[in-house]
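Input: a single structure, listed below in structure tokens.
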Amino acid sequence: MVEISLTNTRTRTKERFEPIDPKNIRVYACGPTVYDRAHLGNARPVVVFDVLFRLLRHVYGEDAVTYVRNFTDVDDKINARAAVTGRPIRDITEETIGWYHDDMDALGALRPTHEPRATDYIGQMTSMIEDLVAKDFAYPEQGHVLFDVRKFPEYGKLSGRSLDDMIAGARVEVAPYKRDPMDFVLWKPSAGDQPGWDSPWGYGRPGWHIECSAMSAELLGDVFDIHAGGIDLQFPHHENEIAQSRCAHGTEVMAKTWLHNEMLQVEGKKMSKSLGNFFTVRDLLNQGIPGEVIRFVLLMTHYRKPMDWTAEKVREAEATLQGWYNLTDGIEADSSMDFLIVDALADDLNTPAALEKLHRFSSSSAARLKSGMRLLGLKDAEETDWWRTTIVSLSSTFSTGDTPLYLSEIVPFLEKWQQLRLAKNYEEADLLKKRLEGTGLSVIVQPAGPVAIVPHGFDPKLLEAIEL
RNA sequence: GGUGGGUUGGCGGAGAGGUUACGCACCGGAUUGCAAAUCCGUGAAGACCGGUUCGAUUCCGGUACCCACCUCCA
């Protein structure tokens, strides 16, 4: 059995992963609030924890892993979106969930075992809140229900904060219904057209944190193996989840292992709308950057380090993948050296180290490369075609797939170019070559003669403007 | 202010107390009208100051700088 080690935020150490039940490993990751397209920062944890999911399935068996990622479909940002657009909330959340699936599928992320929606678990939330009130960990006040942080001595342990320090430096307004400034909302009243449900505390809606506690308990149990999310969720979201779940269930831990990925930056700066470097996964796909390339870039940096998204990395990833796809197209995969990749991933999801192994395979065995790429969730060459090119030459022409050949359009130019070259009229030959390259073609000389490399998506109409 | 993390060659980015990371770029060679592609090869590092050690970029302490969170953004 491969020994997996993971950096556990809860204990601040890298430790060996030992499943509670090797036949049913239970993982929960915090999913998106569905009010808009997923941005690139949302994609990082999705890809990172997809690698974890794949690794666990590889090691323990495909049916031995239960992976839950929620959709937060009740939230004030969604309400705001509904108010601005005049659309029903359900329309917005349905549409956004569809987008999310499209975009994450494009990145090669497997669908989790369960993708629960918060609004389908309101009953579980209210019973959990009732339980917390009954056990005196929470108190109702002015239509709200609040968690009483002073009742949970270990509050702040996950993020290494003390209540008193946080209050000293807090910039939050203290609501009048709170006993302690750090008390957080489990339930809050709804008015007007805000979404709401009947509850023992009146018509209202849940606070943000309770949904993850209720859904993870329902689907994974009171204690489960791994809870994952972005480092920005460590406080307060995960801290609050732990407080709720442990107090309600009376357990020593909520999850044995807590994993947090570091944040994403763009060209060295935090991604933000004001800096103009904010973009969604869909924006990148629409620019023609393939999903596999986005995935590759995300895998180039270890998940616990801040990662910088740059155009240079995109270029590098695309060139590398194109080369690997050319090597592995039509090749039968050889899994005999997979353990090298698995070992790298088992060492705290070291994806850069795994990529290094793939680079080594690329110069020794395309069959092993193909198998290794699958382990990282990179599509097979046959499943995608953006990397394909067509080679047009005067003697023989072939295409790496179903790409059109453009023989009649291109060959006359190659013949002309060859004539000029044989006549040593290099000035005109170079001019012609430059014009051809302006259409996206690459024109080169091989031992057998001139050759044009036609990229995927080439537009032959561009050739009409060039004089023969 | 509090808490956590980081600083590796031109760039990206890992591991390891002493043995080539790897990729991109660069340079040299093969090849080439030029170029591209491909193949082969060389060089290049660990913020600063101390400490531990036979030996540290790798462990410990300090300094500087950077980043994140504390503001229901992954």
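In what follows, chains are A, B, ... by sequence order, proteins preceding strands, each numbered from 1. Given the structure is predicted, the values throughout are model-derived calculations rather than measurements.
Comparing A/M263 and A/D308 by the nucleotide of RNA chain B that holds the closest heavy atom to each, the one mapping nearer the 5' end is A/D308. Looking at which nucleotide of RNA chain B each of A/R304 and A/T301 is closest to, the 5′-most match is held by A/R304.
Using a 4.0 Å cut-off between charged nitrogen and carboxylate oxygen, A/R246 and A/E154 count as a salt-bridge pair. The pair A/E318-A/R315 fails the salt-bridge criterion, with no side-chain N (NZ, NE, NH1 or NH2) lying under 4.0 Å from an Asp/Glu carboxylate O. For A/D430 and A/K434, the salt-bridge test fails: no basic side-chain N is under 4.0 Å from an acidic carboxylate O. Classification of A/D105 and A/R111 as a salt-bridged pair holds, one side-chain N sitting under 4.0 Å from a carboxylate O. The residues A/K14 and A/D348 are annotated as not salt-bridged, no charged nitrogen and carboxylate oxygen being separated by less than 4.0 angstrom.
The distance between atom CD of A/Q265 and atom P of B/G5, rounded to the nearest whole Å, is 18 Å. Whole-Å rounding puts the A/Q322 CD to B/G23 C1' distance at 16 Å. Computed from coordinates, the A/I453 CD1 to B/U38 C1' distance equals 11 Å when rounded to whole Å. Rounded to a whole Å, the NZ atom of A/K433 is 8 Å from the P atom of B/A36. What separates CD1 of A/I444 from C1' of B/A36 is a distance of 6 Å, to the nearest Å. As rounded to whole Å, 6 Å separates atom C1' of B/G5 from atom CD of A/E262. If you measure from atom CG of A/D232 to atom P of B/C69, you get 7 Å, rounded to the nearest angstrom. A straight line from CD of A/E437 to P of B/A36 spans 10 Å, rounded to a whole angstrom.
Here the side chain of A/V445 is nearest to one of B/C34, B/A74, B/G12, namely B/C34. The side chain of A/R12 lies closest to B/G4 when the candidates are B/U7, B/G12, B/G4. Closest approach to the A/D430 side chain among B/G2, B/G33, B/G23 is made by B/G33 (side chain taken as heavy atoms from C-beta onward). Listed nucleotides B/C22, B/G13, B/G33 differ in distance to A/P352; the shortest reach to its side chain belongs to B/G13. Candidate nucleotides B/G13, B/G15, B/C67 were compared by shortest atom distance to the side chain of A/D347, and B/G15 ranks first. Of all nucleotides listed (B/G12, B/A35, B/A14), B/G12 comes nearest to the side chain of A/M300. Closest to the side chain of A/K188, from the set B/G12, B/C69, B/C72, is B/C72. Nearest to the side chain of A/E312, among B/A21, B/A74, B/C24, sits B/C24. Side-chain proximity of A/R161 to the nucleotides B/A74, B/A68, B/U3 is greatest for B/U3. Comparing B/C73, B/C22, B/G15 by their nearest atom to the side chain of A/N350 picks out B/G15.
Nucleotide B/G46 carries a syn base; the chi torsion (O4'-C1'-N9-C4 or O4'-C1'-N1-C2) is within 90° of 0.
Within 3.5 Å, no donor on the side chain of A/H260 pairs with an acceptor on the base of B/A74, nor the reverse.
In this structure, the separation between CD on A/E241 and CD on A/Q244 is 7.0 Å, given to the nearest 0.5 Å.
B/U31 makes up no base pair with any nucleotide shown, lacking Watson-Crick or G-U wobble contacts both under 3.5 Å. With both pairing distances under 3.5 Å, B/C65 is matched to B/G6 as a Watson-Crick or G-U wobble pair. The pairing partner recorded for B/C72 is none, the criterion being a Watson-Crick or G-U wobble arrangement whose two distances lie under 3.5 angstrom.
Across all strands shown, A/G41 has heavy atoms under 4.0 Å from base atoms, whether or not it also approaches the sugar-phosphate. No contact: A/S442 has no heavy atom under 4.0 Å from any strand. Among the atoms of the strands shown, only primed sugar atoms or phosphate atoms (P, OP1, OP2) are found under 4.0 Å from some heavy atom of A/F235. No engagement by A/L355 is indicated, since no non-hydrogen atom pair under 4.0 Å with the nucleic acid exists.
Within residues 73-80 of chain A, the residues approached by RNA chain B to less than 4.0 Å at the level of any non-hydrogen atom are A/D76, A/K77, in residue-number order.
For the pair A/R374/A/D338, no side-chain contact is recorded, criterion being any heavy-atom separation below 4.5 Å from C-beta on.
Taking 4.0 angstrom as the limit, A/K305 places none of its side-chain polar atoms (N or O) nearer than this to OP1 or OP2 of B/A68. In terms of phosphate contacts, A/K357 brings no side-chain nitrogen or oxygen within less than 4.0 Å of OP1 or OP2 of B/A14.
Straight-line distance between the P atoms of B/G28 and B/A37: roughly 16 Å, to the nearest whole Å. When the C1' atom is compared between B/C69 and B/C24, the two are found 33 Å apart, to the nearest whole Å. B/C27 and B/C67 have their C1' atoms separated by 35 Å, given to the nearest Å. Taking atom P on both B/U53 and B/A44, the two are 31 Å apart, rounded to the nearest angstrom. Across B/U71 and B/G1, the matching C1' atoms stand 16 Å from one another, rounded to whole Å. A distance of about 15 Å separates the P atoms of B/C59 and B/A14, rounded to the whole Å. Atom name P, nucleotides B/G15 and B/G6: the rounded distance is 11 Å, in whole Å. For B/A45 and B/U57, the P atoms lie 12 Å apart once the distance is rounded to whole Å.
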* To do: Before giving the answer on side chain to side chain contact (heavy atoms under 4.5 Å, CB included), spell out for A/V445 and A/R421 the whole-Å C-alpha distance, their side-chain angles and the decisive distance to 0.1 Å.
  => CA-CA 11 Å; A/V445 179; A/R421 292 181 66 245; 3.4 Å; yes
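The backbone N or O of A/A138 sits nowhere less than 3.5 Å from a side-chain atom of A/D148 that would complete a donor-acceptor pair. Of the possible polar contacts, none joining the A/R44 side chain to the A/L298 backbone as a donor-acceptor pair under 3.5 Å is found.
Only one option out of A/N42, A/T280, A/D103 pairs with A/R37 in a side-chain hydrogen bond (donor to acceptor under 3.5 Å, both in side chains); it is A/D103.
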